[in-house]
Amino acid sequence: MICKFNKNSVTHQGGAIYSSQEAKIGRGALFLENRAGWYGGAIYGYGITIGENATFTNNLAERYSGGAIYCSGNILIEKDVTFCRSCHI
């Protein structure tokens with residue numbers, strides 16, 4: 001099963017996912033057009049593992065940083081992860 005996070009938004013951190021512990025994102029996850037007011041348009045976490053073939057498209061952190069991902073700990077990105085037009089404005 002592929003997880004799809006589409007058009008989620010929050011005022012502060014982690015448009016689709018906010019984790020105060022380690023976050024593990026499964027293979028093939030899709031993050032499309034998620035938005036956070038401060039950090040991590042798609043994901044905000046303290047340690048993140050992203051499974052292979054995940055896709056991040058058009059995610060946005062409006063005020064600070066981490067258009068697709070903001071991680072204040074370790075991050076492991078497996079092979080074939082795609083980032084497209086995710087930004088901080």
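- For the atom pair Asn53 CG and Lys79 NZ, the distance stands at 7.5 Å (nearest 0.5 Å).
- Taking CG of Leu32 as the start and NZ of Lys4 as the end, the distance is 6.0 Å to the nearest 0.5 Å.
- The two residues Gly15 and Ala36 come nearest to each other via the heavy atoms N-CB, 3.8 Å.
- Heavy-atom minimum distance, Glu78 versus Glu52: OE1-N, 3.2 Å.
- To the nearest 0.5 Å, atoms CZ (Arg35) and CG (Leu60) are separated by 4.5 Å.
- At least one side-chain heavy atom of Phe56 sits less than 4.5 Å from a side-chain heavy atom of Val81.
- For the atom pair Ile25 CD1 and Ile77 CD1, the distance stands at 11.0 Å (nearest 0.5 Å).
- Atom CD of Gln13 is separated from atom CH2 of Trp38 by 6.5 Å, given to the nearest 0.5 angstrom.
- Hydrophobic clustering places Tyr64 together with Tyr70 (ILVMFWY residues linked when any side-chain heavy atoms are closer than 4.5 Å, directly or through intermediates).
- Counting heavy atoms from C-beta on, the side chains of Phe5 and Ile17 come closer than 4.5 Å.
- To the nearest 0.5 Å, the span separating OG1 on Thr55 from CG on Asp80 amounts to 9.5 Å.
- Using a 4.5 Å cut-off between side-chain heavy atoms of Ile, Leu, Val, Met, Phe, Trp and Tyr, with links allowed through other members, Ile75 and Phe83 fall into the same hydrophobic cluster.
- Other residues, nucleotides and ligands contribute more than 12 heavy atoms inside 6.0 Å of the CG atom of Asn6.
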Show, in sequence, the C-alpha distance, side-chain angles and deciding distance for Tyr46 and Ser19, and conclude whether the side-chain contact (heavy atoms from CB on, under 4.5 Å) test is met. CA-CA 7 Å; Tyr46 293 90; Ser19 177; 6.0 Å; no
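- Side-chain N or O atoms of Asn59 include one that pairs as donor or acceptor with a backbone N or O of Asn34 at under 3.5 Å.
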Between Ile50 and Phe31, is the side-chain contact (heavy atoms from CB on, under 4.5 Å) condition met? List the steps. CA-CA 12 Å; Ile50 300 172; Phe31 292 87; over 6 Å; no
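- Between Tyr39 and Tyr44, the ring planes are tilted. Angles from 30° to 60° get that label.
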